[in-house]
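First the proteins, then the strands, lettered A, B, ... as listed; each starts at 1.
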Amino acid sequence: KQEVTQIPAALSVPEGENLVLNCSFTDSAIYNLQWFRQDPGKGLTSLLLIQSSQREQTSGRLNASLDKSSGRSTLYIAASQPGDSATYLCAVNQGRGTASKLTFGTGTRLQVTL
Amino acid sequence: DAGVTQSPTHLIKTRGQHVTLRCSPISGHKSVSWYQQVLGQGPQFIFQYYEKEERGRGNFPDRFSARQFPNYSSELNVNALLLGDSALYLCASSLAGGSRQPQHFGDGTRLSIL
């Protein structure tokens with residue numbers, strides 16, 4: 001059974017700081033890994049998708065890496081801003097054929113202070 | 001273009017009642033998945049439908065059922081509601097089935113059971 005763990009569970013940083021969020025998974029037989037952002041009481045916003053054959057993806061101030069063999073991914077946020085405050089979730093997809101199934105971690109709650 | 005839309009946004013029910021939640025995928029998307037997110041946890045996979053057929057089912061009791069219509073919209077039905085069914089129910093759509101497609105989520109339906 002796939003298990004996804006995110007460390008730390010919560011993080012508070014001053015504005016402008018660079019930070020790294022960690023995600024680990026127990027079963028390396030994944031097709032891709034997706035990072036999401038969730039604001040309180042809201043749905044999920046997709047940030048980055050890394051296919052299993054890729055090592056990293058970048059979007060603006062965000063960079064996600066994937067080491068499938070070791071079961072690890074990191075999300076790097078550069079020059080953090082108060083608007084980055086949210087819960088960040090990683091999820092791995094293991095569906096076969098036309099199936100699709102995401103297994104999520106419990107998230108890292110990020111607060112960026114002024 | 002409109003994103004994934006879910007209705008209703010909030011719902012209050014009592015134990016033993018039945019509920020139907022609705023989801024409209026992004027235009028052109030043929031795969032719809034349902035997830036349950038209990039407060040403080042990551043979303044848990046319930047169902048996935050692609051081309052109107054069930055392609056995956058999570059570890060949920062038979063009280064949970066779903067279907068997908070010819071226009072690719074979907075309904076999630078829950079019978080005999082329990083207090084533990086209180087959660088945010090999220091719908092996600094993707095262009096096609098399979099694990100390589102990014103999942104796009106709606107804002108969810110907040111279900112409260114009294």
Side-chain angles (χ1 to χ4, degrees), chain A residues 1-7 9-10 21 23-25 27-54 57 59 64 66 68 86-109, chain B residues 3-7 9-10 21 23 25-26 29-60 68 87-112:
Chain A
K1 178 188 173 186
Q2 177 75 267
E3 292 183 2
V4 180
T5 303
Q6 291 188 245
I7 295 174
L21 307 181
C23 172
S24 62
F25 45 95
D27 184 352
S28 62
I30 66 169
Y31 288 92
N32 61 48
L33 183 146
Q34 205 165 349
W35 282 93
F36 295 91
R37 168 189 172 133
Q38 186 172 33
D39 293 293
K42 297 294 187 180
L44 308 182
T45 300
S46 179
L47 299 173
L48 290 164
L49 170 72
I50 311 177
Q51 301 291 355
S52 60
S53 58
Q54 297 175 320
Q57 282 287 330
S59 176
L66 174 64
K68 197 177 102 164
T87 296
Y88 291 80
L89 294 154
C90 70
V92 296
N93 199 328
Q94 291 187 285
R96 295 183 178 181
T98 56
S100 175
K101 175 187 175 183
L102 292 177
T103 302
F104 283 84
T106 53
T108 294
R109 190 170 64 255
Chain B
V4 177
T5 57
Q6 294 186 242
S7 63
T9 54
H10 295 86
L21 310 180
C23 171
I26 292 171
H29 284 197
K30 298 182 178 180
S31 176
V32 170
S33 300
W34 288 95
Y35 289 80
Q36 180 196 66
Q37 186 178 25
V38 175
L39 198 62
Q41 300 294 317
Q44 296 289 318
F45 174 74
I46 310 176
F47 287 108
Q48 184 225 348
Y49 278 77
Y50 174 62
E51 289 286 11
K52 301 177 287 294
E53 290 188 8
E54 181 183 305
R55 304 290 177 162
R57 173 185 287 252
N59 189 25
F60 280 79
Q68 187 177 33
L88 180 67
Y89 287 84
L90 295 163
C91 175
S93 75
S94 61
L95 193 60
S99 297
R100 296 206 168 271
Q101 301 292 325
Q103 302 290 313
H104 302 272
F105 283 79
D107 281 338
T109 293
R110 173 73 61 187
L111 176 62
S112 299

Q: Report the option among B/Gln37, B/His104, B/Glu51, B/Glu53 that has the most heavy-atom pairs separated by less than 4.5 Å from atoms of chain A.
A: B/Gln37
Q. Are the side chain of B/Gln103 and the backbone N or O of A/Leu102 linked by a donor-acceptor pair below 3.5 Å?
A. no
Q: Could you list the residues that satisfy ring-ring contact (aromatic ring centres under 6.0 Å, His included) with B/Phe45, not counting sequence neighbours?
A: B/Tyr35
Q | Heavy-atom proximity to chain A below 4.5 Å, by part of B/Gln48 | A | side chain
Q) Which atom names give the shortest non-hydrogen contact between A/Gly41 and B/Arg110, and what distance separates them? A) CA-NH2, 4.1 Å
Q. So which part of B/Gln101 gets closer than 4.5 Å to some heavy atom of chain A, the side chain, the backbone, both or neither?
A. backbone
Q: For A/Gln51, look at atom CD and say whether over 12 heavy atoms of other residues, nucleotides or ligands are found less than 6.0 Å away.
A: yes
Q | Close side-chain approach of A/Gln38 and B/Leu88, heavy atoms under 4.5 Å | A | yes
(Q) Among B/Leu90, B/Asp107, B/Val4, exactly one meets side chain to side chain contact (heavy atoms under 4.5 Å, CB included) together with A/Leu44. Which residue is that? (A) B/Leu90
Q: Name the member of B/Ala92, B/Gly56, B/Gly40, B/Pro43 that forms the most heavy-atom pairs with chain A at distances under 4.5 Å.
A: B/Pro43
Q: Identify the heavy atoms of B/Ser33 and A/Ser100 that sit nearest to each other, and give their distance.
A: OG-O, 4.4 Å
Q) Do you know which of A/Thr45, A/Leu49, A/Thr106, A/Asn93 has the most heavy-atom pairs with chain B at a distance under 4.5 angstrom? A) A/Asn93
Q: Starting at NZ of A/Lys101, measure out to CD1 of B/Ile46 and round the result to the nearest 0.5 Å.
A: 12.0 Å
